Amino acid sequence: MSDHGTNSKSGAANAQEFYTRWARLYDALATYGPGVATLRERTAAALDPRPGDTVVEMGCGTGANFAFLRERVGSSGTVVGVDFSPGMLAVARDRVAREGWENVHVVRADAATPPIRDSDAIVASFVSGMLADPAAVVNEWSELVGPGGRLALLDLARSTRPACRPLNALFHGLVFAGMPSKRPADLSAATDVLDRRVVAAQRALRERCADASYSTHALGFARLGAGTVD
Ligand SMILES: C[S@@+](CC[C@H](N)C(=O)[O-])C[C@H]1O[C@@H](n2cnc3c(N)ncnc32)[C@H](O)[C@@H]1O
């Protein structure tokens with residue numbers, strides 16, 4: 001999470017290099033990390049696409065959400081994963097081939113300006129914090145799915161639950177460790193920037209979806225918003 005996010009040239013290059021280098025380790029954590037599968041299941045349930053729908057996952061990484069999304073849209077639906085890091089996409093492609101999923105596709109592109117014309121639902125997990133202007137991107141995604149389309153965002157940010165606040169220092173360290181660019185100036189700002197972007201993304205979703213739902217999980221560190229675009 002650099003100051004400019006992945007919308008800037010250098011931010012994007014850093015992120016792609018970082019995620020490509022760590023793709024296999026990331027995949028193990030993203031797939032088998034404690035409680036992560038439950039969060040993914042909840043996110044797919046909150047997105048609530050119909051059988052037969054086309055769901056686009058922005059910043060799909062190694063495809064750890066694909067099974068949960070595929071289960072929702074069924075064999076007549078389609079899942080498209082969009083990501084710009086070649087290493088993450090390679091792991092996602094391996095996953096799709098290994099599972100023999102013919103209705104799951106991955107595309108290398110910028111999630112902020114995706115080359116997608118038609119989609120019933122868009123989901124993004126652990127991505128808002130990497131975008132320099134998450135509200136603009138969420139608005140773009142709202143336009144893409146159009147009225148009646150579904151959106152869901154899952155993100156990590158500092159916990160606001162009083163009993164869990166002491167854990168925010170540990171969370172801060174983990175966020176810094178996971179940042180593509182580790183300049184000293186980023187150290188103190190790491191979680192401030194993350195929190196601000198996550199709040200902006202969730203607010204944009206609420207502004208576009210009158211029926212928006214919002215819940216926190218994992219001791220308040222995970223924030224899940226979803227709704228239908230007006
Ligand atoms: C923390 S990982 C999350 C991966 C996946 N969504 C998950 O839940 O495990 C963030 C992913 O977003 C991708 N990403 C970040 N900004 C992006 C952008 N502007 N366009 C495409 N992919 C982006 C990165 O390449 C990385 O794979």
Side-chain angles (χ1 to χ4, degrees), residues 1-44 46-47 55-70 79-96 104 106-116 122-138 140-141 144 151-157 171 174-181 190 193-194 197-198 201 217-218 221-224:
M1 186 199 352
S2 76
D3 45 348
H4 302 303
T6 56
N7 302 134
S8 76
K9 242 185 190 173
S10 62
N14 279 339
Q16 289 171 38
E17 201 262 325
F18 176 86
Y19 278 106
T20 292
R21 181 164 1 117
W22 296 106
R24 298 272 163 197
L25 175 63
Y26 180 88
D27 186 52
L29 295 171
T31 307
Y32 304 112
V36 186
T38 305
L39 283 176
R40 298 189 185 286
E41 199 168 5
R42 282 191 167 129
T43 304
L47 183 67
V55 171
V56 178
E57 182 181 358
M58 301 296 184
C60 66
T62 60
N65 285 319
F66 288 169
F68 301 98
L69 299 172
R70 197 174 168 275
V79 176
V80 180
V82 174
D83 203 287
F84 64 12
S85 299
M88 298 293 260
L89 287 172
V91 178
R93 287 197 179 101
D94 285 353
R95 184 190 294 268
V96 172
V104 182
V106 296
V107 180
R108 185 172 185 216
D110 187 344
T113 51
I116 306 272
I122 288 181
V123 59
S125 59
F126 314 132
V127 174
S128 308
M130 297 184 67
L131 304 170
D133 189 349
V137 175
V138 171
E140 170 78 23
W141 295 347
L144 214 158
L151 290 181
L153 299 176
L154 171 68
D155 287 298
L156 294 177
F171 178 71
L174 294 174
V175 169
F176 186 65
M179 280 171 67
S181 122
V193 175
L194 175 69
R197 290 178 178 166
V198 168
H217 307 272
F221 288 96
R223 304 182 185 192
L224 173 59

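One-based numbering, in listed order, for ligands and for the atoms of each. In this chain, residues are counted from 1 in sequence order. Only a predicted model underlies this, so the values are computations on that prediction, with no experimental measurement involved.
Of the N or O atoms in F84, one or more lie within a sub-3.5 Å distance of an N or O in ligand 1. Where the criterion is an N or O separation shorter than 3.5 Å, residue side chain and backbone included, S85 meets it with respect to ligand 1. For L131, no nitrogen or oxygen atom sits less than 3.5 Å from a nitrogen or oxygen atom of ligand 1, counting backbone and side chain alike.
Minimum heavy-atom separation, P134 to A201: CB-CB, 3.9 Å. For the pair L194 and G129, the tightest heavy-atom approach, listed with the atom from each and the gap, is CD1-CA, 3.7 Å.
With ligand atoms numbered from 1 in the order given, ligand 1 contributes 6 (N) to contacts under 4.0 Å with heavy atoms of E57. Numbered from 1 in the order shown, with element, the atoms of ligand 1 that lie under 4.0 Å from a heavy atom of D110 read 18 (C), 19 (N), 20 (N). Listed by number with element, the atoms of ligand 1 under 4.0 Å from a non-hydrogen atom of M88 are 27 (O). Taking every non-hydrogen atom of N65 and a distance limit under 4.0 Å, the qualifying atoms of ligand 1 come out as 8 (O). Short contacts between ligand 1 and M130, defined as distances under 4.0 Å to a heavy atom of the residue, involve ligand atoms 10 (C), 15 (C).
The shortest heavy-atom distance from A109 to ligand 1 is under 4.0 Å. Using 4.0 Å as the threshold, Q16 has no heavy atom nearer than that to any atom of ligand 1. Within the structure, ligand 1 lacks A15 among the residues with a heavy atom less than 4.0 angstrom away. Residue contact annotation: M58 has no non-hydrogen atom under 4.0 Å from ligand 1.
Between the side chain of R70 and the backbone N or O of V79 there is no donor-acceptor pair closer than 3.5 Å.
Residue-level proximity to ligand 1 for C60 is carried by the backbone, the only part with a heavy atom below 4.0 angstrom.
One finds the CD atom of Q16 at 9.5 Å from the CG atom of L89 (value rounded to the nearest 0.5 Å). Within the model, atoms CZ of F221 and CG of L174 stand 9.0 Å from one another, a figure rounded to the nearest 0.5 Å. Atom CG of L224 sits about 12.5 Å away from atom CZ of R40, to the nearest 0.5 Å. In this structure, OG1 on T43 lies 9.5 Å from CD on E57, to the nearest 0.5 angstrom.
Using the six-membered ring where Trp is involved, Y26 and Y19 have ring planes that are perpendicular, over 60° apart on the 30 and 60° scheme.
Counting only N and O atoms by type, the side chains of S125 and N65 include a donor and acceptor under 3.5 Å apart.
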